J.: 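This structure is in structure tokens; I'll ask about it shortly.
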Amino acid sequence: MRTLHTAFLVLFILPCLGTGYSGSQSRFTSIVSFGDSYADTGNLVRWADPVLPPLPFSNLPYGQTFFGHPTGRISDGRLVLDFIADALGLPFVPPYLGNEKNFTAGVNFAVAGAPALNLTYLQGQNLTLSPPIKHSLDDQLVWFQKLKPSLCSGQGANCFGSTLFVMGEFGGNDYLSFLLSNRTVEQTGAYVPIIVDSISRGVEILIQRGAKYIVVADIFPVGCLPGVLAVLASTDKADYDRHGCLAGVERLLSRYHNSLLRRRIKALRSKYPHTTIISAEYYRPFIAFLHEPAHFGLNSSTTLFTCCGAGGPPYNFNSSLACGQLGVMPCARPSEALQWDGFHLTDAANRLIADGWLHGPYADPPILHVAR
């Protein structure tokens with residue numbers, strides 16, 4: 001079960017990125033990022049020793065597609081955040097816990113496995129948390145506050161006037177923690193408003209601390225991840241939607257979360273009209289990939305199949321044989337795969353999502369429209 005919990009912990013238009021702006025043309029000169037494994041560029045792997053057991057994503061084939069070696073990103077290559085930075089003419093955002101201490105062009109506080117709710121609250125709900133480390137949204141905001149004086153040194157009150165903040169995604173790890181602690185989907189759904197409120201408070205804190213431009217990301221379809229499908233498998237065909245995803249998880253968790261988050265963003269925009277809040281989506285592009293994979297250059301026969309995993313059909317996921325462990329090999333064509341390791345996406349899928357955030361239609365307003 002420890003291995004299974006570790007696996008769950010690290011949760012988690014065709015490309016035209018060449019039309020991005022150079023740094024001199026974009027209004028943005030830095031990026032400050034918060035989130036979980038969908039945005040972590042290397043914080044958890046630097047935290048791990050000696051606190052955590054060896055992490056499989058410290059090994060190849062993680063990072064093989066673009067970097068040629070593991071970087072702490074939980075993908076075969078780049079994350080959505082990397083494509084955004086590149087399109088804005090900025091360097092990849094360095095992890096807060098990394099060796100890079102020059103954060104002039106940005107800093108990334110995201111940590112794989114990070115929940116929206118803090119450790120004390122989750123432990124108070126009698127959840128099984130592995131490992132019990134403080135890396136939640138609240139903790140990341142504390143790190144930001146500690147670093148803020150150096151980020152703003154000599155810049156005055158408007159030091160974040162040219163900074164793009166990226167919030168999330170957050171929430172996926174919270175829901176998985178409840179589900180793995182033998183809570184039903186219905187019981188887990190009762191926590192959605194609390195989780196979304198935590199994200200909304202985080203956004204408001206950033207605004208109060210000077211953020212002028214914030215990307216707020218929704219969550220991916222949790223019930224469409226091979227790792228979730230394998231663990232929560234049902235013999236009742238009625239439990240699945242037309243894409244093969246767990247319908248109850250989608251209705252009561254993913255879609256409910258995203259609906260409430262949109263309402264919170266609308267309220268924040270009204271309360272803070274001089275701050276630009278960009279609503280960005282993981283959910284809709286992911287569903288689009290499942291609906292029409294060939295349109296996006298993805299293999300239609302493997303949309304719910306783990307590229308780097310073990311066990312064979314239907315999901316090629318085995319928590320005891322995770323990607324990065326000895327003998328577990330990636331698929332022959334990751335560039336045509338959607339799902340990388342059972343919980344995270346491939347470089348190819350992340351590129352497609354980033355394109356939708358940069359140009360639309362999966363961000364409102366599109367990031368490059370704001371960057372002008």
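Every value quoted in this text rests on a predicted model; they were computed, and no experiment measured them.
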J.: Using a strict cut-off of less than 4.0 Å between a Lys/Arg side-chain nitrogen and an Asp/Glu carboxylate oxygen, indicate whether Arg201 and Glu204 qualify as a salt bridge.
T.: no
J.: Hey, are the side chains of Cys323 and Phe57 touching, using non-hydrogen atoms and a 4.5 Å cut-off?
T.: no
J.: Do Arg27 and Tyr213 come close enough that some side-chain heavy atom pair is under 4.5 Å?
T.: yes
J.: Do Asp40 and Arg73 have side chains that approach each other closer than 4.5 Å (heavy atoms only, starting at C-beta)?
T.: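 In short, these two side chains do not touch, never coming nearer than 4.5 Å.
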J.: Would you tell me whether Asn299 and Ser301 have side-chain atoms, one donor and one acceptor, within less than 3.5 Å of each other?
T.: yes
J.: Between Phe220 and Tyr38, is the ring centre distance below 6.0 Å?
T.: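 Ring-ring flag for Phe220/Tyr38: true, centres closer than 6.0 Å.
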J.: Aromatic contact between Phe317 and Phe343, with the criterion being ring centroids under 6.0 Å apart: yes or no?
T.: yes
J.: Compute the centroid of each ring, for Tyr175 and then for His257, and state whether the two points are separated by less than 6.0 Å.
T.: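 Yes, they do, as the ring centres are separated by less than 6.0 Å.
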J.: Quick one: are the ring centres of Trp357 and Tyr282 less than 6.0 Å apart?
T.: yes
J.: Centre of Phe92's six-membered ring, under 6.0 Å away, within 45 degrees of the axis: is that where NZ or CZ of Arg78 sits?
T.: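 Cation-pi check for Arg78 and Phe92: fails.
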J.: Let's test your reading of the model: do Cys152 and Cys159 have SG atoms under 2.5 angstrom apart?
T.: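 Answer is yes: Cys159 pairs with Cys152 in a disulfide.
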J.: When you check the side-chain N and O atoms of Ser136 and Asp138, is any donor under 3.5 Å from an acceptor?
T.: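 There is no such pair (donor and acceptor under 3.5 Å, judged by atom type) between the side chains of Ser136 and Asp138.
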J.: Is there a donor-acceptor contact under 3.5 Å from the side chain of Tyr315 to the main chain of Val228?
T.: no
J.: Phe165 and ring pair (Phe, Tyr, Trp, His ring centres under 6.0 Å): which partner among Phe160, Phe109, Phe28?
T.: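 Result for ring pair (Phe, Tyr, Trp, His ring centres under 6.0 Å) with Phe165: Phe160.
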J.: State, yes or no, whether a side-chain contact exists between Tyr62 and Thr71 at a heavy-atom distance under 4.5 Å.
T.: no
J.: Can you tell whether the side chains of Asp197 and Arg264 come within less than 4.0 Å, N to carboxylate O?
T.: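 The answer is yes: the pair qualifies as a salt bridge.
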J.: Considering only heavy atoms from C-beta outward, does the side chain of Leu206 approach that of Val203 to under 4.5 Å?
T.: no
J.: Keeping the roles fixed (side chain from Gln125, backbone from Leu127), state whether a donor-acceptor pair exists under 3.5 Å.
T.: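 The answer is no, because no donor-acceptor pair under 3.5 Å joins these two groups.
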